[in-house]
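Here is the structure we will look at, set down as structure tokens.
Model, not experiment: these values are computed from the prediction. Each chain gets a letter, A, B and so on, in the order the sequences are listed, and its residues count up from 1. Side-chain atoms are counted along with the backbone in the values below, which use heavy atoms only and exclude waters and symmetry mates.
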Amino acid sequence: MSRSLIAGAAGLALAGALLLSPAAQAHKRWLLPSHTVVSEAQWVTVDASVSNDIFDVDRPYPLQALQAVGPDGEPATVDNRLEGHRRSVFDLELTQPGSYRLTLPGQSYFLSWQENGETQRRRGWDGADALLAELPDNADQVSLTETHSRLETFITMGAPNTTALKPSGQGLELQPLSHPNDLYEGESARFRFLVDGEPAEGVDVELVPGGTRYRDSQDHWTLTSNAQGEITVDWPAAGRYYLEAGFADDQPDHPKAQQRRLQYLATFEVLPL
Amino acid sequence: MRPWLFVITALFAGVAATRAAAELRVEVEIPRMAVAEYHAPYLAFWLKHADSGDIVPLGLWYDDQEKWLKDLRLWWRRTGRTQSKPYDGLTGATRRPGTHSVDFSDLPALAGLPAGDYELVVEAAREVGGREVVRLPFHWPADSDRAVTAKGDTELGKVTLQVAP
């Protein structure tokens, strides 16, 4: 059972749907930059993969929706997009001092209904209407869930800045109170989660240190955002960390959807000092 | 460089030129390594005010390759990343193994340095090697000739700070 996607009363109905739906148990997805803190202009390369093996690649993640934002808030240059058999990859050009944000937004729908006493389910990535068109006339107990996901990571050349990190005000986002490229072993970082631009209490967050392939346990830990939408992350060691946050409510965009699931997934690098 | 330092530097730059400056000299040993691939370490020197944490960059030894400056992790976070070429303080090429002396006494930043307890911080980072930070506490200005010594374990040998009024 997906442990981090259920929040509050709104999540209870959803929990039933998820239990019935192996398809809704999303795999982990991540962006992994080759470098996060650099001291001169250069290219960096980034892997994008759907993989529960943190951070070893398994399957490619589509790059069509990729957004790269530079320190001035303008789009940054991306080159060499490749969707391989086991991972996607692209290069990002760092040309000016400051912080770059990479975002891969995604949207999908989950439809379930009763037909002749049996439960039917479909998941679609091509919009709700294409999915709804599959509904038979005798469908009963129709339920449509809208899912928004957001994969992010951050890279800084020179001194960090926050222009590219400004939240869009849509869906589940992370507002960094600690800069995501100023993370050090033994220190704590504070992040605030926003839903549609407002601090969100009760966001469930999971953190997994990289390197799961070489150990017998996930070594993950979980946090929940407080009334101010904030979490405090204590970094136990230098390394790369996978963060997955989930929230559910009844505020979908699509008029025929009842539920909205929001996912925020990010990769952070913590350095020794 | 912090804005207030800019101001102080500007105010005292002229003063420093006209009076005998207090002394601040450092002797640092770069250990000889029995390794197949050796690159001389990058070194950074700075002062940290004990109470305020304010940083005064003193010097940087690197080979004009800014790409590796981030590997002086502590220096990079404390001051390097907010600078650009030319870096603050006395900059120069990397040094080979041996004992090297560097005299920071004439740095404009020292002429305006507020009295107080400080640490001299020396950080070394070597390609295909390690990183080490050595700290030497002292008071500024010195009431008499003083020497403080510390010793690194890996990338730095004996480090001696000499201050004089």
Exercise. Is the gap between the ring centers of B:F45 and B:W61 under 6.0 Å?
Worked result: yes

Exercise. Are B:Y87 and B:Y62 close enough that their ring centres sit under 6.0 Å apart?
Worked result: yes

Exercise. Is the A:F268-A:F191 ring centre distance short of 6.0 angstrom?
Worked result: yes

Problem set entry | NZ/NE/NH1/NH2 to OD/OE distance under 4.0 Å, B:R78 and B:E123 | no

Seminar exercise, completed: Per-residue tally against chain A (heavy atom, under 4.5 Å) across B:K70, B:R81, B:R73, B:K67 peaks at B:R81

For this session: Below 4.5 Å from any heavy atom of chain A, which atoms of B:W76 appear? Answer side chain, backbone, both or neither.
Result: side chain

Exercise. Quick one: are the ring centres of B:Y42 and B:W68 less than 6.0 Å apart?
Worked result: no

Problem set entry | Engaged part of A:L271 at the chain B interface, taking heavy atoms whose separation is under 4.5 Å | side chain

Problem set entry | Contacting moiety of A:P97, where chain B heavy atoms sit under 4.5 Å | neither

Exercise. Checking A:N161 against chain B: side chain, backbone, both or neither under 4.5 Å from a heavy atom?
Worked result: neither

